[in-house]
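Numbering of ligands and ligand atoms starts at 1, following listing order.
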Amino acid sequence: MKIGIFDSGLGGLLVTKRIIKELPEYDYVYLGDTKRVPYGNRSVDTVYEFLKESLNFLYKKNCKMVVVACNTASAEGIDRIRKEYLPKHWPDRKVLGILVPTIEKVVENKGLKRIGVLATPGTVISNKYPQEFRKANKKIKVFQQEAPLLVPLIENGGVKWVKPILKEYVEKLMRHKVQAIILGCTHYPILKKEIRELVGKDIIVFSQDELIAQRLKKYLFNKDEVRTKLHKKGTREFMVTDMTKSFKKHAQDWFGSKIKLKLVKL
Ligand code: DGL
């Protein structure tokens, strides 16, 4: 069986690249729902429906587990998927969201008590980051900042104009005297250099592309029932629900090497 990686679009290729580098032996199927991206400003019910369809597709492709790289889908949909959907339709399959592994990594830094989260409006409204942090460590205060303009700018080749907008979002978090900022969206690793420059050396920036592979490794190590079912042929498939020239370019830029996208219907 395979490992599925799901994102609303192609930003998830940034974490996929690191996962494959760290765990090259497994078989991977990436699905980017490019037809319906962005998820970040949609309603909770819509994101849940989209996630459900995408997971169903990946499980049919023989994925034993799916990593949901998309923060919005993880925040808004995974709890309900685990409670309502998996037990009924795919009781032997697993889903791993991106929020909990991120939080587990952050709380390893014992001194951190004030954390900022930069994310899409959907992720912020779900309040899932503060809720999960409370479960991990009640003493940690979480401050969220929605950044609705960042994904559209990145998607449309506007990174060179991002600085003033980014500055405004980041400064709002810094006013809360945060000690660390989580880049809570698949696309933000692209901006991590700019963000690190803006916040300076004293604030830690957690970028999911730098932490997810290690967390997945740990997850597989602890979950015999998943690991033992995985094939090790090193195959990779990259699927999208819509194909354009710009999607092809993003895929190559963000994955860092040429990949062949396959157009699929969910
Ligand atoms: N993948 C989304 C996330 O990580 C960003 C793009 C979108 O809004 O769909 O939140």
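Summary of contacts: the protein heavy atom closest to atom 7 (C) of ligand 1 is Y39 N, 3.3 Å. Protein heavy atom in closest approach to atom 10 (O) of ligand 1: T72 OG1, 2.6 Å.
Using a 4.0 Å cut-off to heavy atoms of T186, the atoms of ligand 1 that qualify are 1 (N), 2 (C), 3 (C), 4 (O), 5 (C). Close contacts between ligand 1 and G40 involve ligand atoms 7 (C), 8 (O), 9 (O) [criterion: under 4.0 Å to a heavy atom]. Every atom of ligand 1 is numbered from 1 in the order shown, and the set under 4.0 Å from a heavy atom of S8 is 1 (N), 2 (C), 6 (C), 7 (C), 9 (O).
Cation-pi geometry between R236 and Y28 is not met at under 6.0 angstrom from the ring centre and within 45 degrees of the axis.
In V37, the part holding a heavy atom less than 4.0 Å from any atom of ligand 1 is the side chain. Residue contacts with ligand 1, taken as heavy atom pairs separated by less than 4.0 Å, involve T120 solely via side-chain atoms from C-beta onward. When non-hydrogen atoms are compared, ligand 1 lies under 4.0 Å from the side chain of D7 (C-beta onward) but not from its backbone.
Contact between C185 and ligand 1 is present, with at least one heavy atom of the residue lying under 4.0 Å from the ligand.
Proximity of the aromatic rings of F255 and F238 is defined here by a centroid distance below 6.0 angstrom, and this criterion is met.
Here the NZ-NZ distance, from K258 to K248, works out to 9.0 Å after rounding to the nearest 0.5 Å. A distance of 11.5 Å separates CD in E76 from CZ in F50, rounded to the nearest 0.5 Å.
The two atoms that bring F143 and L173 nearest to each other are O-CD2, 3.4 Å, heavy atoms only.
More than 12 heavy atoms of other residues, nucleotides or ligands sit less than 6.0 Å from atom CD of E84.
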Could you go step by step and tell me if T102 and Q208 meet the side chain to side chain donor-acceptor pair (under 3.5 Å) rule?
CA-CA 7 Å; T102 304; Q208 291 168 333; 3.2 Å; yes

